[in-house]
2 protein chains.
Amino acid sequence: MARGRAPTVKDVAEHAGVSPGVVSRVVNANGSVSERTRKRVLASIKALDYRPHSAARELRTRTTNTIGLVLADVANPFFAHLAEHVVRHSAEFGLGVLLTTTQEDPAMELRSIELLMQKRVRGVIAAPGTGNAAAWRHMRDLGIDLTFVDRVIDRIPGIDVVGMDNESAAHAATTALLERGHRRIALVSGPSTTSTGRERIDGYRRALGEHDIAENPALVAELAFQRSGVENAVRAMAGLDEPPTALVVGNTAVSAHVVRYLQECGVRLPEDLSVVVFHDAEWAKLMTPQITVVRHQLDALARNAVEMLHSRMNSDEPLRRREIRLDSELVIRSSVAAPRKRRALLET
Amino acid sequence: MARGRAPTVKDVAEHAGVSPGVVSRVVNANGSVSERTRKRVLASIKALDYRPHSAARELRTRTTNTIGLVLADVANPFFAHLAEHVVRHSAEFGLGVLLTTTQEDPAMELRSIELLMQKRVRGVIAAPGTGNAAAWRHMRDLGIDLTFVDRVIDRIPGIDVVGMDNESAAHAATTALLERGHRRIALVSGPSTTSTGRERIDGYRRALGEHDIAENPALVAELAFQRSGVENAVRAMAGLDEPPTALVVGNTAVSAHVVRYLQECGVRLPEDLSVVVFHDAEWAKLMTPQITVVRHQLDALARNAVEMLHSRMNSDEPLRRREIRLDSELVIRSSVAAPRKRRALLET
DNA sequence: TTGTACGCGTTATCAG
DNA sequence: CTGATAACGCGTACAA
């Protein structure tokens, strides 16, 4: 719908009987201007409902107050909370957030990157997927500051990272199960092509090793971040001659599906299976039994990401690459118990 | 971090031995250009890694491919899913999405509006709160196309709306309970200052009326979209001489808290209380019993919103205001049953 | 303290 | 089919 053109500095200047330069100085609290004319200009601005044109300003100053946020799937409660916090903290810095979603699809991620580069965003916060290392590096080389959250692509140096200490978290979760007497502990994790997947598997392994338990490959399932594959993986593990007595789910994208499928199969928690899940989603505390979770500091994660990006954006010095790892907390709930007598997990 | 300036049309033109205008025509598939030079220009673009500068283009063409999305709280699963779908469908149209969050705070909403106006976004999709009717109207008057989702501010004509048929949904939910023999049905809804709150209360009332039941004000709680107030409201209703035997929760922001508090109080579902909740969140099907829900067509909601906005953006004709109401589906699960013998709901 | 003039990168117009 | 030129709205040196 076409409307009358929005007022410009020129209009304001005319209305106030000054020159455009003066108006600019007023709105940007830049150069000096007499109090009298300042008042007059301010009045004209209000009178005309003047609003500086972002694009023009960006063009002239060669900078924006917009950042990009690239996540896999905002419908995933983990990313949803992360997004909410990032948006809130960005607003505190006066930064707008251009949100983009990839569905874990490298092609979509590439399109996101391309969009953000055209928009010349000032910086980007991203939970990177796999396969676009070159594109991310390119982005950084072009001067767009970059902060990775949650995940790392360790092939790319010079990019700040803020994530969780996944190794320790997985270690703690596994150890808690071991200490309750479990010996056959299964792990459903994300792909080991992602940093989070790798780190969580590492922590799991370390815990097993410390208890002199040989790792059983059949008990480790690397699932893509999609619903498909969940049922097969669960059935495969449950159908083993010696099925697991405990399960750690380190893949937030599928954890609800895993738990739901266990329910559907009639697996009783924690009698038949003890369960620990990464991320303290809403449902964890609503279920019966309440699910033991690894609780992340999502707000701190977001705050650090925004702050790191912001500081980097405002310093010409290419600071050394920083990496922050936040501790997670193991919240024991009733889905964890000592193993019971051996029996088949599923009636097949 | 300062980097060498990005290449411009001028650079590309030089490199290809043509004029800037030709380059522009090539990238925009606009005017006509000989195949030979087109190839050459394309090669130069690739060679220099040229990317059109969004801001410059916006300045010149007086238009953007960015829209705003204003929601209350992306951490709320309802809005999270909505956001995901909006972002995805927008991407299909080549639209970037500037996400903003208000926490149901009018002041934050106003800041969002201001940000989006400065950015001169092409259009906005918003679930508007209360108290900024004038600002929204102003935005529309300035030529920014507007589509409201989920909620309506009916004081503002000329703005497209796509929402759910809340009245029917609440009516259906209430009726399902009535038909199972419930007579004392409670309702926890959002503030009646919001359209969704009002409509859901209306539907609830109509259902009661059709069954010749007088409305009991003590059984209707209008809760703000915040956690606080949940416990008091629940306790107040449970403490009545004649406590409700069924409950409809029409406020997605607090529904999980309501259910959790009921659990904590030892209220058994559905024996002590039948429950229906708006929005089919992840946890509804994970709980024991599984919760009966009103399931919305969130993807259709988002798709319609984006499509309406897109069509409006691309037609100079100020089309008549359109309003779309999507049906919701009542998904009966085991949290609903016939009322049992009367007993106190809480041991006080 | 204020005004002027130029350039940011792009596209539309108009001659050639 | 191509090239030159102006203008989009703003900030900023520099001159007044």
Side-chain angles (χ1 to χ4, degrees), chain A residues 2-42 44-45 48-66 117-122 142-143, chain B residues 2-42 44-45 48-66 117-122 142-143:
Chain A
R3 284 295 185 291
R5 275 184 14 277
T8 74
V9 262
K10 211 171 167 184
D11 298 321
V12 176
E14 246 172 65
H15 184 277
V18 296
S19 76
V22 178
V23 177
S24 175
R25 275 169 249 156
V26 171
V27 310
N28 298 315
N30 209 342
S32 52
V33 33
S34 84
E35 191 56 21
R36 228 177 66 77
T37 55
R38 213 181 70 86
K39 292 278 190 205
R40 220 170 51 240
V41 169
L42 251 28
S44 298
I45 288 179
L48 298 185
D49 189 37
Y50 165 75
R51 228 174 306 267
H53 192 304
S54 244
R57 186 180 269 178
E58 287 176 27
L59 189 57
R60 174 67 227 217
T61 63
R62 311 173 139 284
T63 183
T64 329
N65 63 153
T66 303
M117 297 195 56
Q118 288 212 184
K119 290 259 189 268
R120 302 289 200 276
V121 292
R122 184 83 173 284
L142 258 43
Chain B
R3 285 295 185 293
R5 273 182 19 274
T8 73
V9 262
K10 212 172 166 184
D11 298 322
V12 176
E14 246 172 64
H15 185 276
V18 296
S19 76
V22 177
V23 177
S24 174
R25 276 169 250 156
V26 170
V27 311
N28 297 315
N30 210 340
S32 52
V33 33
S34 83
E35 191 55 23
R36 229 177 66 77
T37 55
R38 212 181 69 87
K39 294 276 189 206
R40 219 171 52 240
V41 170
L42 251 27
S44 299
I45 288 179
L48 298 185
D49 189 38
Y50 165 75
R51 227 174 306 268
H53 193 304
S54 244
R57 186 178 271 180
E58 287 177 27
L59 187 57
R60 173 67 225 214
T61 64
R62 312 171 139 283
T63 183
T64 328
N65 63 151
T66 303
M117 298 195 56
Q118 288 212 184
K119 291 259 187 269
R120 301 290 200 274
V121 293
R122 184 83 173 284
L142 258 44

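Per chain, numbering begins at 1; letters A, B, ... match sequence-line order. Just so it is clear, the model here is predicted, and its values are computed rather than measured.
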Gap between atoms [atom1] and [atom2], on [X] and [N] respectively (whole Å):
X: B:R51; N: C:dT10; atom1: CZ; atom2: C1'; result: 16 Å
X: A:K119; N: C:dG9; atom1: NZ; atom2: C1'; result: 15 Å
X: B:E14; N: D:dG3; atom1: CD; atom2: C1'; result: 14 Å
X: A:I45; N: D:dG9; atom1: CD1; atom2: P; result: 16 Å
X: B:K10; N: D:dG3; atom1: NZ; atom2: P; result: 15 Å
X: A:R5; N: D:dC10; atom1: CZ; atom2: P; result: 10 Å

Indicate the atoms forming the closest heavy-atom contact of [X] with [Y], along with that distance.
X: B:L42; Y: B:V26; answer: CD1-CG1, 3.3 Å
X: A:Y50; Y: A:V27; answer: CE2-CG1, 4.2 Å
X: A:G31; Y: A:R25; answer: N-CG, 3.7 Å
X: A:R120; Y: B:A6; answer: NH2-CB, 4.0 Å

(message) Can a donor-acceptor pair be found, under 3.5 Å and without considering hydrogens, that links the side chain of A:T8 to the backbone of A:K10?
(response)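 A pair under 3.5 Å: yes.
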Using a 3.5 Å cut-off and no angle test, enumerate the donor-acceptor pairs between side-chain atoms of residues 12-20 of chain B and protein atoms at least two apart in sequence or in another chain.
residue, atom, partner, partner atom, Å
B:H15, ND1, B:S44, OG, 2.8

(request) Could you name each residue pair satisfying salt bridge (Lys or Arg N to Asp or Glu O under 4.0 Å) that touches residues 50-59 of chain A, not counting sequence neighbours? (result) A:D49-A:R51, A:R51-B:E114
(request) Give the angle between the helix axes at the two ends of the helix from C:dT1-D:dA16 to C:dG16-D:dC1, taking five base pairs at each end and rounding to 10°. (result)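 One end's axis against the other's: 40°.
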(message) Between A:S24 and B:V18, which residue's closest nucleotide on DNA chain D lies nearer the 5′ terminus?
(response) B:V18
(request) Using a cut-off of strictly less than 4.0 Å between a heavy atom of the residue and any atom of DNA chain C, enumerate the qualifying residues of residues 25-36 of chain B by number. (result)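 B:N28, B:N30, in order of number.
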(request) Output, in order, the C-alpha distance, side-chain angles, deciding distance and verdict of side-chain hydrogen bond (donor to acceptor under 3.5 Å, both in side chains) for B:T66 and A:K119. (result) CA-CA 10 Å; B:T66 303; A:K119 290 259 189 268; 3.1 Å; yes
(request) For B:S24, enumerate each residue passing the side chain to side chain contact (heavy atoms under 4.5 Å, CB included) test, keeping only those at least two apart in sequence or located in another chain. (result)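 Applying side chain to side chain contact (heavy atoms under 4.5 Å, CB included) to B:S24 gives B:N28.
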(message) With heavy-atom distances below 4.5 Å as the criterion, would you say the side chains of A:R5 and B:R62 are in contact?
(response)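 They are in side-chain contact.
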(request) Output the residues of residues 53-64 of chain B in contact with DNA chain D, where contact means a heavy atom of the residue under 4.0 Å from an atom of the strand; sort by number or write none. (result) B:L59, B:R60, B:R62
(message) Apply side-chain hydrogen bond (donor to acceptor under 3.5 Å, both in side chains) to residues A:R122 and A:T63 and explain how you reach the verdict.
(response) CA-CA 7 Å; A:R122 184 83 173 284; A:T63 183; 3.3 Å; yes
(request) Compare the minimum distances between each of C:dG9, D:dC10, C:dT4 and the side chain of A:S19, then state the nucleotide with the smallest one. (result)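 Nearest to the side chain of A:S19 among the choices is C:dT4.
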